[in-house]
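Everything on this sheet refers to the single structure shown next.
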Amino acid sequence: MNKTKMTVGQAIVKFLNQQYIEMDGEEQPFVDGIFTIFGHGCVVGLGQALEQDPGHLRVYQGRNEQGMAHAAIGYAKQNNRRKIIACTSSIGPGACNMVTAALTASINHIPLLVFPSDSFATRQPDPVLQQMEQPGDLSITASDCFKPVVKYWDRVSRPEQVMTAMINAMRVLTDTANCGAVCISLPQDVQGESYEYPDYFFQKRVHHVARRVADEYEINKAVEMIKASKKPLLISGGGVRYSEAGQTVMDFCKEFNIPVSQTQAGHSALPDSFELSVGGVGVTGGLAANELCKDADLVIGVGTRFNDFVTGSKWVLFRNPDIKVLAINTSEFHAEKVDATRCIGDAKVTLEAIMERLKADGYKSAYTDEIAKIKETWEAERLRVLGVQYHGEGFGEGKFVPCVPSWTEKIMNDFVNDIGGTITESNGVGLIRQEIDDDAIVVAAAGSLPADLERLWVTDVKDSYHMEYGASCMGYEIAGAFGAKLAAPDREVYALAGDGSFLMLNSEIATAMQENAKITVIVFDNAAFGCINNLQMGNGIGSLCTEMRHRNEETGQPDGPYCYTDFAKIGEGYGMVPFTAKTPAELVDALRAAKKETRSCIIDCKVLPKTMAEGYESWWHIGVASTSESDSVKEARQRIDDHLAEARIY
């Protein structure tokens, strides 16, 4: 057995270069590169190895550890989990900065490999710079913070341990049912220690993504449930996207006349123009899917984890007292939620197996013209909302958020006077969709934009809708867009971010500029955490610390004039091409000009508060106060209790 002496850092780099993934006969390298912010904990260990011989790994210089890890998530998602970029940091703050990204990856089942540096395994120089000392347990370090938010955690305390650690890391990263973040903690002294590694550890490893069909018993149960159903509704989740099963879902639904809704993670796995596509479902869903839910007697969840936004806090999907749920998923955990009948298998081949049986039995749903009618009604409403513009005299028919009208009017008037923007958020979304290329990738994550996009955005181009809505992580948008651009360099990529998200994390703009990776950042500036302000006011609470306002000198309260932020100038400071839009016409001009640029662009889009699309037949369970002196809060709590009386608890 041949052996080669090398450091732990060098062994990791050599191992990563030999990892491949194969699916449907297509084989490709799995690890494309590594994001780094070199600190004292890794620069002379793993950093030395990357400088000496990175192999095919491209080394990227991050600016913020959370941001670079979000970029890695965006890259992996846009590649449908078949390529990744790893991340490494120093110890202490650098490591902890990646914890949020690890949470985001694990919730969304996106492979993310992080190498936080750690304190000395020998403890000889303890306490080292940035080391957290826990008096009751000196083995605890900052790296332990990852344990609750990753799918696999390991600490390499001896050089030989790196072999089992990395093999297990690859097992989890390529597991369709359980993939997520993986943390391999590297003590800074161990990174530079040497060991005679056997050559077989560095052999080419091909990780096969298997398409496992559900077993005969579960296929039979699924067929029986569908045959007994008159009005089924299929929900296409992220598992459909990662299985490349969009066409199969369409074939299945068309064969049996079944409407299909898409989750945030599943959107753009199949075209929105598909005749049986009924848009988003649940809290951020549209009228079509949520209306059909009322009479549905069977929900077929394919590759979805049934979070509260999809189920409408277990109310939207379950208003038919006889409703049943069938869950097709590679994950047993997700397939047994909401008391579903499980069918464990890959979305594509499992649907094909069920379809073959149902065709032989001559099954058809009992829908007649209900699907076409509600689609027509919803399309008219969608276009109406997209076209609503501000003319200084209100908005005419229709409302946007369930807020006290007088307060809404005051907020809008204050905004127009202080900021000067008159673009409505829903119209802004419509204008962006109208102007950008059909194959452009739109990236978003938090605030009110995910609701607007799921309801209003339509696309027929596969994998062009890139939403992080498992963690709803503010700050993902720009970094995620950069990662998506690295994955799809020939496509235009747009990051849609609220002003709150932009202010939380915009540092990876610098890395995008450094890499000449053009992204266009569109800041929807309503001078507020607008989504949460809506939640406050819609539940009877006054506006408190959710708007970006100066403190009132007379009252001492944060309800003075709006704070004006020039986001275009911030972007210009990074080297981006800046645009400011305060009217719909200016937004159109900016979009057209930005499309012609070769450098990254920023569009500072001043949008009126309270002008996002309102919920349609949906409900979200939140913890409204059960005791209050306010009548409006009492009314909001009563609405919660009324819905809870009808909602399911499992």
Side-chain angles (χ1 to χ4, degrees), residues 37 60-68 70-71 74 97 100 415 418-423 425 428-429 432 436 442-449 468 473-485 492-531 546-550 561-583 586-587 589-609:
I37 294 183
Y60 298 95
Q61 181 182 4
R63 296 306 194 277
N64 174 285
E65 291 87 357
Q66 179 181 329
M68 71 181 189
H70 278 157
N97 278 349
T100 297
F415 185 88
D418 296 342
I419 305 296
T422 60
I423 302 169
E425 183 172 311
V429 168
I432 293 167
I436 69 174
V442 59
V443 181
S448 53
L449 279 167
E468 190 293 287
C473 186
M474 296 179 70
Y476 173 87
E477 299 91 335
I478 294 171
F482 169 50
K485 181 65 176 182
E492 291 285 312
V493 179
Y494 294 80
L496 274 57
D499 50 311
S501 278
F502 182 93
L503 291 170
M504 280 195 179
L505 190 61
N506 57 66
S507 54
E508 300 327 290
I509 291 175
T511 306
M513 298 299 298
Q514 181 180 23
E515 295 292 334
N516 293 317
K518 183 199 173 186
I519 59 173
T520 298
V521 177
I522 305 175
V523 183
F524 277 63
D525 180 16
N526 57 10
F529 295 125
C531 177
T546 51
E547 297 178 89
M548 315 305 187
R549 290 179 182 261
H550 294 284
Y562 276 109
C563 300
Y564 188 97
T565 302
D566 192 335
F567 292 101
K569 191 165 289 186
I570 294 172
E572 186 178 17
Y574 277 118
M576 307 177 87
V577 181
F579 302 92
T580 298
K582 294 186 177 182
T583 67
E586 290 175 351
L587 177 57
D589 289 344
L591 289 163
R592 291 176 179 175
K595 193 158 57 171
K596 297 176 183 177
E597 295 289 342
T598 57
R599 272 192 298 152
S600 289
C601 300
I602 186 167
I603 302 175
D604 186 354
C605 181
K606 304 301 187 185
V607 298
L608 277 166

Specify the closest pair of heavy atoms between [X] and [Y], including all atoms of both residues, with the distance to one decimal.
X	Y	answer
K518	C601	CE-SG, 4.4 Å
A594	I603	CB-CD1, 4.4 Å
G67	A479	O-CB, 3.2 Å
Q66	M474	NE2-O, 4.3 Å
G571	I602	CA-CG2, 3.8 Å
A568	P578	O-CB, 3.4 Å

Check whether any side-chain heavy atom of [X] sits under 4.5 Å from a side-chain heavy atom of [Y], and report yes or no.
X	Y	answer
E508	H70	no
I436	K595	no
T511	M68	no
T520	V577	no

Backbone of [Y] reached by a side-chain donor or acceptor of [X] within 3.5 Å:
X	Y	value
S600	A517	yes
S448	C531	no
E468	C473	yes
D499	A528	yes
E477	F502	no
D604	F567	yes
K582	I419	yes
D418	Y562	yes

Hey, could you give me the [atom1]/[atom2] distance between [X] and [Y], rounded to the nearest 0.5 Å?
X	Y	atom1	atom2	value
E65	T100	CD	OG1	11.5 Å
D525	T565	CG	OG1	6.0 Å
I509	I570	CD1	CD1	8.5 Å
E597	M576	CD	CE	11.0 Å
I423	L608	CD1	CG	8.5 Å

(request) Kindly confirm or rule out a cation-pi arrangement of K606 over F415, judged by NZ or CZ under 6.0 Å from the six-membered ring centre and within 45° of its axis? (result)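 No.
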(request) Please lay out, stage by stage, how F579 and D589 fare under the test side chain to side chain contact (heavy atoms under 4.5 Å, CB included). (result) CA-CA 9 Å; F579 302 92; D589 289 344; over 6 Å; no
(message) side chain to side chain contact (heavy atoms under 4.5 Å, CB included), that's the test. Do M548 and F529 meet it? Break it down for me.
(response) CA-CA 8 Å; M548 315 305 187; F529 295 125; 3.8 Å; yes
(message) Checking side-chain contact (heavy atoms from CB on, under 4.5 Å) between C605 and each of N526, T580, I432, I522, which is the one that passes?
(response)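 The single option meeting the side-chain contact (heavy atoms from CB on, under 4.5 Å) with C605 is I522.
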